[in-house]
Amino acid sequence: MVANQDTKASQVPVIETNNTAAVKAAIVSSETTRAASLKHPLGPLTGEEIIKGANFVRSVWPEGTKLQFKVNTLHEPEKKLLAPWLAAERAGEKPAPLERKSFIVYTLRGTHNVHEAVVNLTTQKVEFNAKLGPFEHPNSDMAELEEVEKAVLEIPEVKAEIEKLGLPEGAVVVMDPWIYGADGLKESKFYDDKRVMQCNLYLRDPNNSSEADSCHYSFPLPVSPVIDPATLELVRIDIMPTGHDETIKPFAYKKRPANEYIPEAHTMRTDLKPLQVVQPEGASFTVEPFSELGHTLKWQKWDFKVGFNQREGMVLYDVHYDNRPLFYRLSLSDMAIPYGDPRNPFHRKCAFDLGDVGAGLTANNLQLGCDCLGSIYYISSVLGNAEGKPVDAPNVVCIHEQDSGLLWKHTNYRTNRAVVVRNRELVLQSILTVSNYEYILAFIFNQAGDITYEVRATGILSTQPLDLELTEVPHPFGTVVHPGVLGGYHQHFFSLRVDPMVGGHGNQIAYEEAEALPRDPKLNPHGHGYIVKKTPIDTTGGYDLDPSKNRTFKILNPSVKNTVNKLPVGYKVHVPPFQPILADKDSYHYKRAEFADRSFYVTKYAEGELFAGGKYTNQSHGGKGVRSWAGRKEDLTKEQDPVLWVNFGINHIPRVEDFPVMPAEMLRVMLRPVNFFDKNPALDVPSSKQSFNCSTALNTADELAKRVDGLAVTGGEMKGCCA
């Protein structure tokens, strides 16, 4: 069957085509097919599978049709098949192989025709191939971004607008392609149902224009072309306002200082001495492949699988502690960064960095001794490019241990004996660079059963041009961070998707609140008493924190009881409160960022519902994400298969100190056991000893002797944890 280029294609159960070259490339030998069928169902796509899937998609089109691949990733098996498969695998059985499939999104080159397909790599069939509907746009890819960047600066109309700015001779203009956003605008022949890109222009330091790493964000320009990335044609040129209101006026470049972040632009401190993380016996974790690109990680009773894909980046599967099930799947589902400047074109500015580009596509090649310290194990991956070919993604995840202070301690004041246990953590870290911003993302495990998801935001502000004479005048929509440079107010929202199996499948979400008891002459005569009330969440919906009630959300397993108190085993969620999205409910920012208004959403598990902002966020109009799914008000009491979406964020009111590069801002979500164990699970962690840790005292011998003498005078003894 050949898919029609102009109409939605139906399902494609088999491949029948005259494109013999594509068919030959797609069909592999029976021996290779048998080997592929034995691959683990959660293993990231291999380079061979990426090529194979792309070739099968090509084969449903007439020979010579040029395709541009946007997504080529693993299509995970259905949960009803995979969950028992993983349980059987863990039990030491050899379950029957599950079919390997790829999920592919592609465009017809030079057009806005976008299709998605599912290719069964085991049976060698294209199972599904359909054209997407309106307002369903694909992500950008690296090849496209490079093409746009080159093309824009060669467009005559753009050159003419730049010429009007009166830039210094030899000036080098730099362009950042940005996702366009959405405003529903219908103007002349333009409507934002067609995918376009907003291009922000900057200037390198005119006094050092040959420096490729110059911080061009110190010199924003008011010219902002809008380009069609499919045809590389200019749609229009927006001129940015540079004052305090929406007025557009002529902008003439005026000399201003540079503001560089690169070390050679500064006199470095000389009094910082080395701090080295040394593990003389090696790391305490083990990493084993469960597929060509998938890894099983074991550390301190933890046991889980690590995958990696184009959109989410790092994904954890089948998470267990001491052979007890905890989480079926964990990943950062989405992020949104809406800006608060109401003026055109800033009013559209809202990036969905995972859906619009991808955490996998933007993941850094992490460097030893820089991004991660100590004894490091790196995970590399393979991703598909625009041509449907595999591209190496080296060192996208680093794994290491770190000391994080004390895990627990108690001193018996009668004997002065202290028992001290230090908090060793296992860190899995990935770093994204999305144009100007960096996100440092990490799953962190400790020895007491806690899992922390940590986000650190750093990088450079996406700056806006400002009239130089307004530098010292407060701005209504941002902070002036440098002469002629505005850092616009914006919010960052993140959504952690938690698919639980705490104590096994069949979980329940509930929240508990502490409630003061009314005074009672018998029960509460002093007015000090309070109780804790539990409220099960029986229907899907959105929920908020309430610090005034100590509202705490928990994942419980009603069918598995704690051995001590017979309460359901569970995990609770610690999440920082955040200011919900400030855009009003009729705005496109609000409609699109469906996870930015509530701390929690609870949905009923459904295949394909992985991304809080919806599958296609680029210029989306909303209605296809987690708020909409939770709004179905489905019953959660029967099948007991909830998914918990944990949302958190910051309102970034820029500071001068955030420029030219921002010190990292950190957010943490913690999943912590509650009545899951029969006692502190870290009691068997060895106590901290000087003979083990080999710390160095910087006090002189005389100072230490005086301290001992002081203890002796009062009858004390210098014993502590090293006794």
Side-chain angles (χ1 to χ4, degrees), residues 299-304 316 319-332 402-410 421-428 441-455 494-504 507-514 532 534-537 543-547 549-558 560-565 567-578 599-600 602 642-648 666-685:
W299 177 81
Q300 295 293 292
K301 302 184 182 181
W302 288 102
D303 175 0
F304 52 89
L316 305 187
V319 180
H320 283 64
Y321 185 92
D322 203 14
N323 293 318
R324 298 178 65 184
L326 293 178
F327 301 100
Y328 177 73
R329 193 181 193 276
L330 293 172
S331 70
L332 182 65
Q402 68 183 18
D403 181 273
S404 185
L406 297 186
L407 182 59
W408 63 265
K409 175 180 180 175
H410 180 64
V421 172
R422 296 199 66 79
N423 187 16
R424 181 82 65 91
E425 293 180 333
L426 179 73
V427 181
L428 287 83
L441 310 175
F443 283 102
I444 302 171
F445 298 79
N446 75 4
Q447 295 154 302
D450 299 339
I451 303 176
T452 297
Y453 189 75
E454 181 183 276
V455 174
F494 306 88
S495 184
L496 181 69
R497 184 180 182 274
V498 180
D499 190 344
M501 56 174 187
V502 174
N507 286 181
Q508 175 192 68
I509 310 298
Y511 61 85
E512 291 183 346
E513 297 175 327
V532 175
K534 184 177 84 171
T535 303
I537 294 176
Y543 300 87
D544 293 315
L545 294 173
D546 188 345
K549 298 179 180 178
N550 192 47
R551 184 178 294 163
T552 304
F553 287 76
K554 296 184 177 181
I555 305 165
L556 304 172
N557 191 324
V560 181
K561 307 296 184 183
N562 182 273
T563 58
V564 176
N565 57 25
L567 291 172
V569 299
Y571 261 65
K572 63 179 179 178
V573 184
H574 289 293
V575 60
F578 69 94
S599 290
F600 295 92
V602 182
V643 176
L644 184 64
W645 309 75
V646 184
N647 309 315
F648 54 103
M666 185 171 68
L667 293 166
R668 282 186 152 208
V669 174
M670 178 182 283
L671 306 172
R672 166 160 274 200
V674 54
N675 300 316
F676 189 82
F677 300 101
D678 60 1
K679 62 184 69 173
N680 179 348
L683 290 175
D684 58 352
V685 178

A.B. asks: Measure the shortest side-chain to side-chain distance between F304 and L330 over non-hydrogen atoms and say whether it is less than 4.5 angstrom.
C.D. replies: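 No; the side chains remain at least 4.5 Å from each other.
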
A.B. asks: Give a yes or no on whether the backbone of Y328 and the side-chain of D499 come within a donor-acceptor separation of less than 3.5 Å.
C.D. replies: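 Checked: no pair found.
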
A.B. asks: Measuring from R422:CZ to S404:OG, what's the distance to the nearest 0.5 Å?
C.D. replies: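 Reported to 0.5 Å precision, the distance equals 9.0 Å.
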
A.B. asks: Restricting to salt bridge (charged side-chain N to carboxylate O under 4.0 Å, His left out), what partner residues turn up for E513, sequence neighbours left out?
C.D. replies: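 Per chain and number, E513 pairs via salt bridge (charged side-chain N to carboxylate O under 4.0 Å, His left out) with R551.
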
A.B. asks: For residues S331 and L496, report the shortest heavy-atom separation together with the two atoms involved.
C.D. replies: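 So the two residues come closest at O-CD1, 3.4 Å.
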
A.B. asks: Hey, are the side chains of L326 and P500 touching, using non-hydrogen atoms and a 4.5 Å cut-off?
C.D. replies: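 A side-chain contact is absent here, since even the closest heavy-atom pair is not under 4.5 Å.
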
A.B. asks: Is a donor on one side and an acceptor on the other found under 3.5 Å between the side chain of W299 and the backbone of F445?
C.D. replies: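 Answer holds: no.
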
A.B. asks: So, the side chain of Q508 versus the backbone of P536: is there a donor-acceptor pair under 3.5 Å, distance only?
C.D. replies: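 Between the backbone of P536 and the side chain of Q508 there is no qualifying donor-acceptor contact (under 3.5 Å).
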
A.B. asks: Of all the heavy-atom pairs spanning D450 and P673, show the shortest one and how long it is.
C.D. replies: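 Heavy atoms of D450 and P673 come nearest at OD1-CD, 3.2 Å.
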
A.B. asks: Assess whether side chain to side chain contact (heavy atoms under 4.5 Å, CB included) is satisfied between F494 and N647, documenting all intermediate values.
C.D. replies: CA-CA 6 Å; F494 306 88; N647 309 315; over 6 Å; no

A.B. asks: Ignoring hydrogens, what is the shortest heavy-atom contact between Q447 and Q300? Give both atom names and the distance.
C.D. replies: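 That would be NE2-OE1, 3.1 Å.
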
A.B. asks: In chain order, what residues pass the salt bridge (charged side-chain N to carboxylate O under 4.0 Å, His left out) check against D684, with sequence neighbours excluded?
C.D. replies: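 Result, salt bridge (charged side-chain N to carboxylate O under 4.0 Å, His left out) vs D684: K301.
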
A.B. asks: How far apart are the closest heavy atoms of G503 and V560, and which atoms are they?
C.D. replies: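 So the minimum-distance heavy-atom pair works out to O-CG2, 3.6 Å.
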
A.B. asks: What orientation do Y571 and F327 show, parallel under 30°, tilted 30 to 60°, or perpendicular over 60°?
C.D. replies: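 Ring orientation of Y571 relative to F327: perpendicular.
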
A.B. asks: How long is the straight-line distance from CG of N446 back to CD of Q402, given to the nearest 0.5 Å?
C.D. replies: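 That separation rounds to 11.0 Å.
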
A.B. asks: Quick one: CG on L441 to CG on L667, what's the gap to the nearest 0.5 Å?
C.D. replies: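 Here the rounded value is 11.0 Å.
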
A.B. asks: Describe, in one word, how the ring planes of F553 and Y511 are oriented to each other, choosing from parallel (under 30°), tilted (30 to 60°) and perpendicular (over 60°).
C.D. replies: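 Ring orientation, 0 to 90° scale: tilted.
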
A.B. asks: Does the side chain of L644 reach to within under 4.5 Å of the side chain of N507, using non-hydrogen atoms?
C.D. replies: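 SC-SC contact between L644 and N507 ruled out.
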
A.B. asks: Quick check against the 3.5 Å criterion: does W408 have a side-chain atom that pairs as donor or acceptor with the backbone of N423?
C.D. replies: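 No.
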
A.B. asks: Can you tell me how far CG of L332 sits from CZ of R497, rounded to the nearest 0.5 angstrom?
C.D. replies: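 With rounding to 0.5 Å, CZ (R497) is 12.0 Å from CG (L332).
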
A.B. asks: With side chains defined as the heavy atoms from C-beta onward, is the minimum distance between L426 and F443 less than 4.5 Å?
C.D. replies: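 Not touching, per the 4.5 Å side-chain cut-off.
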
A.B. asks: Kindly compute the distance separating CZ (R672) from OG1 (T452), expressed to the nearest 0.5 Å.
C.D. replies: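 Going from the CZ atom of R672 to the OG1 atom of T452 covers 8.0 Å.
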
A.B. asks: Please examine the side chains of I555 and I509, heavy atoms only from C-beta on, and report whether any two atoms are closer than 4.5 Å.
C.D. replies: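 Of all side-chain heavy-atom pairs linking I555 with I509, at least one is under 4.5 Å.
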
A.B. asks: Return yes if a side-chain donor-acceptor contact under 3.5 Å exists between D544 and S599, otherwise no.
C.D. replies: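 Their side chains do not contain a donor-acceptor pair, so the 3.5 Å distance test is not met.
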
A.B. asks: Would you say K554 and V674 make side-chain contact, with heavy atoms under 4.5 Å?
C.D. replies: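 Contact flag for K554/V674 side chains = yes.
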
A.B. asks: Other residues, nucleotides and ligands only: do more than 12 of their heavy atoms fall within 6.0 Å of NZ on K409?
C.D. replies: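 Atom NZ in K409 is not crowded, with 12 or fewer foreign heavy atoms closer than 6.0 Å.
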
A.B. asks: Quick one, L556 with K534, criterion side chain to side chain contact (heavy atoms under 4.5 Å, CB included). Give me CA distance, side-chain angles, the key distance, then yes/no.
C.D. replies: CA-CA 11 Å; L556 304 172; K534 184 177 84 171; 3.9 Å; yes

A.B. asks: Would the distance check show the side chain of N557 and the main-chain N or O of G504 forming a donor-acceptor pair, the cut-off being under 3.5 Å?
C.D. replies: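 A pair under 3.5 Å: yes.
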
A.B. asks: Is there a ring pair (Phe, Tyr, Trp, His ring centres under 6.0 Å) between Y321 and F677 once you walk through the steps?
C.D. replies: CA-CA 11 Å; Y321 185 92; F677 300 101; 5.3 Å; yes

A.B. asks: Closer than 3.5 angstrom, by distance alone: can the side chain of N562 be matched with the main-chain N or O of N675 as a donor-acceptor pair?
C.D. replies: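 Between the backbone of N675 and the side chain of N562 there is a qualifying donor-acceptor contact (under 3.5 Å).
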
A.B. asks: Check salt bridge (charged side-chain N to carboxylate O under 4.0 Å, His left out) between R324 and all other residues, then give those that pass, not counting sequence neighbours.
C.D. replies: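 In terms of salt bridge (charged side-chain N to carboxylate O under 4.0 Å, His left out), with neighbours along the sequence ignored, R324 is linked to no residue.
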
A.B. asks: Considering only heavy atoms from C-beta outward, does the side chain of V643 approach that of W645 to under 4.5 Å?
C.D. replies: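 The answer is yes, as the side chains (C-beta and beyond) meet within the 4.5 Å cut-off.
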
A.B. asks: Taking the side chain as C-beta and beyond, is there a heavy-atom pair between I444 and R668 under 4.5 Å?
C.D. replies: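 SC-SC contact between I444 and R668 confirmed.
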
A.B. asks: Enter the distance from F676:CZ to D322:CG here, rounded to the nearest 0.5 Å.
C.D. replies: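 Atom-to-atom, F676:CZ and D322:CG are 9.0 Å apart.
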
